[in-house]
Amino acid sequence: MSIFKKEFFERSTLKVAKDLLGKFLVVQHPTLDKKAYMITEVEAYDGPHDKASHAHRGKTARNEPMFGEAGVWYVYLVYGMHNMLNIVTGDDGYPAAVLIRGVQPLSNQVAKLTKLDGPAKITKFLKIDRKFNNKPATLKTGLWIEDLGVKIKKSQIKSSPRIGVNYAGEWKDKKFRFFLKSNVR
DNA sequence: GGAGTGATGACA
DNA sequence: GTCATCACTCCA
């Protein structure tokens, strides 16, 4: 059981995205027990040139966390009702983040807890909202990432174009989405 | 296929 | 100040 440090997130966004698969999102609510969810699907948003990234149009009040230090949560609202959970990667000043799209509860937890297979379902279910925005994921703030020793083989990782970014021109076809083979939907 | 929902960014 | 857009989900 080891919490991830900043150095993990300071590497290339694509590497971080792939390495996050099979790691665990740990949630600690004030009133509930600690729970861990395995990350099964992520997307990378890398750099100022990525048209699908919020950072593409430059630094704004909303995407400011993406430009900041690695290992910080970037949580924002889309479509008026959906919170999106991202973790900032890359060096300070380089806008990049990994969107967490899918997680799966540990098998010994509530069985009927359905697989959380959409980015907004995760945040809704785990009660993640913008109060986590700009908070470090490298401290036990209530939401962080741990390695619980699950080994992921390279052959289990699949990639595809990202979802919901069809406006992004040539960037929409980049295979920046990574997911575990057993969790294809 | 289409509605819902509201923060955000662009423009004036 | 207004207006269009949006890294989505749900119901049909």
Side-chain angles (χ1 to χ4, degrees), chain A residues 9 11-21 23 25 27 37-91 93-105 110 112-137 143-145 157-180 183-185:
Chain A
F9 302 104
R11 301 171 304 139
S12 121
T13 309
L14 294 180
K15 281 200 179 113
V16 174
K18 275 187 261 194
D19 283 353
L20 281 174
L21 293 172
K23 301 305 185 294
L25 182 67
V27 187
Y37 300 84
M38 189 172 78
I39 298 170
T40 56
E41 184 179 347
V42 296
E43 280 180 17
Y45 288 85
D46 189 27
H49 308 299
D50 184 352
K51 280 191 189 153
S53 169
H54 288 163
H56 173 239
R57 279 182 250 265
K59 190 170 171 176
T60 66
R62 176 172 63 163
N63 65 28
E64 181 269 330
M66 288 185 80
F67 287 80
E69 285 188 298
V72 170
W73 295 116
Y74 171 41
V75 184
Y76 70 94
L77 195 66
V78 274
Y79 300 111
M81 52 184 100
H82 300 304
N83 287 299
M84 297 276 133
L85 177 64
N86 303 248
I87 180 111
V88 176
T89 62
D91 291 329
Y94 182 78
V98 174
L99 168 66
I100 297 178
R101 293 188 60 89
V103 301
Q104 180 176 281
V110 193
K112 67 160 71 159
L113 204 61
T114 46
K115 187 165 70 177
L116 301 172
D117 57 356
K121 286 186 195 166
I122 299 172
T123 54
K124 185 182 172 194
F125 200 91
L126 303 182
K127 297 188 169 46
I128 293 165
D129 60 27
R130 283 179 296 158
K131 68 174 176 285
F132 285 107
N133 192 36
N134 224 356
K135 287 215 175 181
L143 186 66
W144 65 91
I145 291 174
I157 298 177
K158 304 216 29 154
S159 64
S160 80
R162 289 173 292 188
I163 308 290
V165 293
N166 289 336
Y167 58 86
E170 69 268 29
W171 288 86
K172 78 176 194 298
D173 295 324
K174 299 271 182 200
K175 301 210 168 174
F176 280 9
R177 173 176 174 244
F178 304 98
F179 52 95
L180 295 178
N183 286 278
V184 182
R185 41 167 184 151

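FYI, side chains are in, hydrogens and waters are out, and symmetry mates aren't considered; it's all heavy atoms of this structure. Throughout, protein chains are lettered first and strands after them, A, B, ... in sequence-line order, and every chain is numbered starting at 1.
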Rounded distance in Å - CD (Glu41(A)) to P (dA7(C)): 16 Å
Spacing of Ile128(A) atom CD1 relative to dA7(C) atom P, expressed in whole Å: 19 Å
Phe178(A) vs Leu14(A) side-chain heavy atoms within contact, under 4.5 Å: yes
Nucleotide dA7(C), atom C1' - distance to CZ of Arg57(A) in whole Å: 12 Å
Result of checking Tyr45(A), Tyr76(A), Phe67(A) against His54(A) for ring pair (Phe, Tyr, Trp, His ring centres under 6.0 Å): Tyr76(A)
side-chain contact (heavy atoms from CB on, under 4.5 Å) against Lys124(A), all qualifying residues, sequence neighbours excluded: none
Closest non-hydrogen atom pair, Val75(A) against Arg130(A): O-CG, 3.5 Å
Note, Asn134(A) side chain near Val72(A) side chain (heavy atom, < 4.5 Å): yes
Selection: residues 78-91 of chain A, any non-hydrogen atom under 4.0 Å of DNA chain B: Tyr79(A), Gly80(A), Met81(A), His82(A)
Flag side-chain contact, heavy atom, 4.5 Å: Ile145(A) against Phe9(A): yes
Test: Lys174(A) and Asp50(A) ion pair at under 4.0 Å: no
Contact check, side chains of Met66(A) and Ser53(A), non-hydrogen atoms, under 4.5 Å: yes
Strand DNA chain B as a dot-bracket string - pairs counted if Watson-Crick or G-U with both distances under 3.5 Å, | where the partner lies in another strand: ||||.||||||.
Separation of dC6(C) C1' from Arg162(A) CZ (nearest whole Å): 15 Å
Nearest-angstrom distance from the residue atom CG of Leu77(A) to P of dT9(C): 13 Å
Length of the CZ-P vector between Arg62(A) and dT5(C), whole Å: 15 Å
Electrostatic pair Asp19(A):Lys23(A) at N-O distance under 4.0 angstrom: no
Spacing of Arg101(A) atom CZ relative to dA7(C) atom C1', expressed in whole Å: 7 Å
Contacting residues from residues 44-53 of chain A, given that a heavy atom lies under 4.0 angstrom of DNA chain C: Tyr45(A), Ala52(A)
Atom of Ala52(A), atom of Tyr167(A) and distance for their closest heavy-atom approach: O-OH, 3.5 Å
Contact check, side chains of Arg101(A) and Phe179(A), non-hydrogen atoms, under 4.5 Å: no
Taking every non-hydrogen atom, the tightest pair across Ile39(A) and Leu180(A): O-CD1, 4.0 Å
Qualifying side-chain hydrogen bond (donor to acceptor under 3.5 Å, both in side chains) pairs, either residue in residues 79-91 of chain A, two or more places apart: Thr13(A)-Thr89(A)
Nucleotides bounding contact with chain A, strand DNA chain B, heavy-atom threshold 4.0 Å: dG4(B) to dA10(B)
